[in-house]
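Here is the structure we will look at, set down as structure tokens.
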2 protein chains.
Amino acid sequence: MIEKTCQTFVSDCHIRAAAELINHAWDPVVLSALRLGPTRRNALLGRIGGISDKVLTQSLQRLSAGGLVTRLSTGDQIPRRKGAVYQLSSLGESFANGPLAQLAQWAADNQADLVGPSS
Amino acid sequence: MIEKTCQTFVSDCHIRAAAELINHAWDPVVLSALRLGPTRRNALLGRIGGISDKVLTQSLQRLSAGGLVTRLSTGDQIPRRKGAVYQLSSLGESFANGPLAQLAQWAADNQADLVGPSS
DNA sequence: TCGCATTCCTACCAATCGGTAGGAACGGCT
DNA sequence: AGCCGTTCCTACCGATTGGTAGGAATGCGA
């Protein structure tokens, strides 16, 4: 999908690559929440208000597969462990502290001018 | 939806507001394409490869409703005019040249480390 | 006046996303 | 051993997204 669209509009085809990282509603929020440091799943559920159990799991899986988030199994690699901890990878950190932080900053600055669908 | 989730994780709830602007796959691409200047609909269709007619229309409507894009009716306000031209509003320009450009830049810099779903 | 390109809309359709509900595997505690 | 909290999965559901196809309205040129 990406390769094909890159034949035109070459200079900005990176936008599509980056957009896929944040195309899911909760992914940016999860990444932002992880900026506060390594966090357990359940702590994320509480810190992020309104996210459902399943979606958080899927989001973490997506972000892990994309290399933005690392799962620290406290003991071994067996899933469904209790003490699993998620943290930003170096790539995820550069993303969350870079463009994502800029995005949030811009939204904060232009809050008054934003016409959200729910306001 | 936003108001409720903002009760927790307040400092970064702006991320959700900003995320809604780019939650649709093609919106960031359209905004990027408009950075090159006021463009007619059909020119956008050609410049952006792979986007469908309907989706571009919807994207432009969304972005216009959000105040990021302005539609310049060459003559009057009647829709379905031939010479309609779209351009970034000042808000859209600050968004496209700010966080969106940063996003693209980051994606270009980290291109090698990105594991896209289609690669 | 007759096409023709352009803009935009309206069905449909498949795929996906987020949500709820229920349950399974694992660890910790008593 | 028994119970509970945590992590994660599955099955279903409604809503939304993006795509295709077809058509309507407008303006332009032959």
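Numbered from 1 within each chain, the chains take letters A, B, ... in sequence-line order. Computed from heavy atoms alone, side chains included, the values below leave out hydrogens, waters and symmetry copies.
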Single hit among A:Leu63, A:Thr70, A:Leu34 for side-chain contact (heavy atoms from CB on, under 4.5 Å) with A:Ser89:
A:Thr70
Using a 3.5 Å distance criterion without hydrogens, assess whether the side chain of A:Ser52 forms a donor-acceptor pair with backbone atoms of A:Gly50.
no
A:Ser64 side chain to A:Leu60 main-chain N or O, any donor-acceptor pair under 3.5 Å?
yes
Could you check which of [options] has an atom nearest any side-chain atom of [X]?
X	options	result
A:Arg62	D:dG18, C:dG18, D:dC9	C:dG18
B:Thr57	C:dG19, C:dC9, D:dG18	C:dC9
A:His24	D:dT20, C:dC9, C:dC17	C:dC17

Protein-nucleotide distance ([X], atom [atom1]; [N], atom [atom2]), rounded to Å:
X	N	atom1	atom2	value
B:Arg41	D:dG27	CZ	C1'	15 Å
A:Asp27	C:dT16	CG	P	16 Å
B:Glu20	D:dT16	CD	P	13 Å
A:Leu45	C:dG19	CG	C1'	13 Å
B:Asn23	C:dC17	CG	C1'	10 Å

Does C:dA5 have its OP1 or OP2 closer than 4.0 Å to a side-chain nitrogen or oxygen of B:Asn42?
no
If you look at every strand shown and take non-hydrogen atoms under 4.0 Å, does B:Gln58 touch a base, only sugar-phosphate, or nothing?
nothing
Taking every non-hydrogen atom, the tightest pair across B:Ser94 and A:Trp106
OG-NE1, 2.8 Å
